[in-house]
Protein chains: 2
Amino acid sequence: MSDCEACVVRNRAICSALLPDELAILSKLGRKQHVSRGQTLVWEGDEALVVANVISGVLKLSVSTADGREQIVGVVFPSDFIGRPFGKESSYSVTALTDAHVCIFTRAAFDGFAKEHPDLQHKLLQRTLDELDRARQWMMLLGRKTASERVATLLLEISNRMGSTSCTQILPFLDEFELPLDRQQMGDVLGLTIETVSRQLTKLKEANMISLPDRRSVVIKDRHRLQDLALAA
Amino acid sequence: MSDCEACVVRNRAICSALLPDELAILSKLGRKQHVSRGQTLVWEGDEALVVANVISGVLKLSVSTADGREQIVGVVFPSDFIGRPFGKESSYSVTALTDAHVCIFTRAAFDGFAKEHPDLQHKLLQRTLDELDRARQWMMLLGRKTASERVATLLLEISNRMGSTSCTQILPFLDEFELPLDRQQMGDVLGLTIETVSRQLTKLKEANMISLPDRRSVVIKDRHRLQDLALAA
DNA sequence: TGCCGATTTTGATCTGCGTCAAATGAATCG
DNA sequence: CGATTCATTTGACGCAGATCAAAATCGGCA
């Protein structure tokens, strides 16, 4: 793999737990790979043979039923970690929502390296704990929030996640951003249909909380009111 | 704390990662505590000051909205780990569903010990990854499954979890068991109302997939059909 | 610039589950 | 052992969001 020291996510990915010489060893185990929008990196139910760091782009983690219903169970951004180290088949598919670059490892190679590097495992544990907290917050959304609360929550969540990984790095969130998801995918994250998502967006627009310059863009015009709605107060 | 070597969950809890002399040190940091049914160990939003292992009993992890809606985001059984090590406030409450015994540590003491014991952190990482997989499967349930599919899934899940922690230890699941949840709590796990849960149970009973000897007992009479329903095929 | 296919929005209608209310059953206690 | 209380079930009805259908809008490309 090319130079890790120059990697744009060097300081945010789990690699930040490593010293330069350790990083050099790890870099030999992985390789940089391009993933095109729509391409699936890991299939639900397959043995998880690879893990990866996201360098650029956005990917979804999704679960499907036999009859074709889909639920997106996670969205990963640059510097996030993908995959299931230490055994087990993957319980979800990983698919690129935008063109992406990932830094990919075979699970066997990564596991072996991780065993020898407690600091890396510590970083991974913290990340996994954070991810679990996020998943649980989302369970509240899916189990108990109304459609408008769900859509408001998603917009704020994306605003926050995109902000913290934006090039500027300074803003905690962005008031204007491009959605990495289309309407169908927003429905799949929120447990709603495409029509309901569309209707709720129109309502938020009419209530002057947001505007929608084009189908992929969102401008948050009244963050405060959007937050009140999202919190389900 | 009393003798860890004799602990009933010694071989299943994260402590199994430790050697006898390490265990002796850890045991000095914690203490055994009784928690009565209904008692809350950790409050949502509070700084997470304790972590614990469950020795006996069942506890729920729950999230609430300002206006009183509740979602149960996890149910923990004997040998499971509770809490959020390494900083952060707790994003959920922990409350006993039955009388319970836990082996409790201050977070500071546990964090310090864990830092020195990579094997413990490794165990904790695996457990957290498993928990995350379970949470994501539950997101599919909450986002996309119908009421009857949800109830079927819950019954099978409890059957499995209770089986693997039962005294016999041999069975992968139990066909007869006591529910640790009442109807309201089942609704709170499933994102349904108490009435819907009750109606679906009646339907499953009428379809001869289960029987309900009393309000807390369930007998699975046709696991195969129940599984088909749960899988949403 | 104007056409074509895909995405999104909007409209009309339906339905699964929620809400409200009452009846039944099971546990506790004097 | 009957009275009280709480949990659960059952019934009637309403509504948020799903479904089905059509119109509008956007993006790409010749």
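Residue numbering restarts at 1 for every chain, and letters A, B, ... go by the order of the sequence lines. The structure displayed is predicted, hence computed values, not measured ones.
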Can I get a per-line list of side-chain donor-acceptor pairs under 3.5 Å for residues 191-199 of chain B, giving both atom names and the distance, sequence neighbours left out?
residue, atom, partner, partner atom, Å
B:Thr193, OG1, B:Thr196, N, 3.3
B:Thr193, OG1, B:Thr196, OG1, 3.1

Requested in this report: With sequence neighbours left out, write down each residue that passes ring-ring contact (aromatic ring centres under 6.0 Å, His included) with B:Phe81, or none if nothing qualifies.
Outcome: B:Phe110
Requested in this report: List the steps, then state whether side chain to side chain donor-acceptor pair (under 3.5 Å) holds for A:Lys203 with A:Ser148.
Outcome: CA-CA 8 Å; A:Lys203 276 194 187 173; A:Ser148 58; over 6 Å; no
If you look only at pairs with a residue in [range], which of them pass as a salt bridge (charged side-chain N to carboxylate O under 4.0 Å, His left out), with sequence neighbours excluded?
| range | result |
| --- | --- |
| residues 73-83 of chain B | B:Asp80-B:Arg127, B:Asp80-B:Arg161 |
| residues 94-107 of chain A | A:Glu47-A:Arg107, A:Arg107-A:Asp111 |
| residues 213-233 of chain A | A:Asp175-A:Arg223, A:Asp222-A:Arg225 |

Query raised in the report: Just checking A:Gly191: base, sugar-phosphate only, or nothing, at a heavy-atom cut-off of under 4.0 Å?
Result: sugar-phosphate
Output side-chain donor-acceptor pairs under 3.5 Å for residues 70-78 of chain B, partner residues at least two apart or in another chain, one line each.
residue, atom, partner, partner atom, Å
B:Glu70, OE2, B:Lys60, NZ, 2.8
B:Gln71, NE2, B:Asp188, O, 3.0
B:Gln71, NE2, B:Val189, O, 3.1

Report summary line: Scoring nucleotides 4-16 of chain C by protein non-hydrogen atoms under 4.0 Å (B base, S sugar-phosphate only, - none) yields ---BSBBBB----
Report task. Could you note down all residue pairs passing ring pair (Phe, Tyr, Trp, His ring centres under 6.0 Å) where residues 211-233 of chain A supplies at least one of them, sequence neighbours left out? Result -> none
Query raised in the report: Can you list every ring pair (Phe, Tyr, Trp, His ring centres under 6.0 Å) pair that touches residues 30-60 of chain A, not counting sequence neighbours?
Result: A:His34-A:His101
Report task. With sequence neighbours left out, write down each residue that passes side chain to side chain donor-acceptor pair (under 3.5 Å) with A:Lys205, or none if nothing qualifies. Result -> none
**Report entry** Start and end of the DNA chain D segment that chain B contacts, any atom under 4.0 Å from a heavy atom
**Finding:** D:dA7 to D:dA12
Report summary line: Rounded to 10°, the helix from C:dT1-D:dA30 to C:dG30-D:dC1 deviates from straight, judged by its five-pair end axes, by 30°
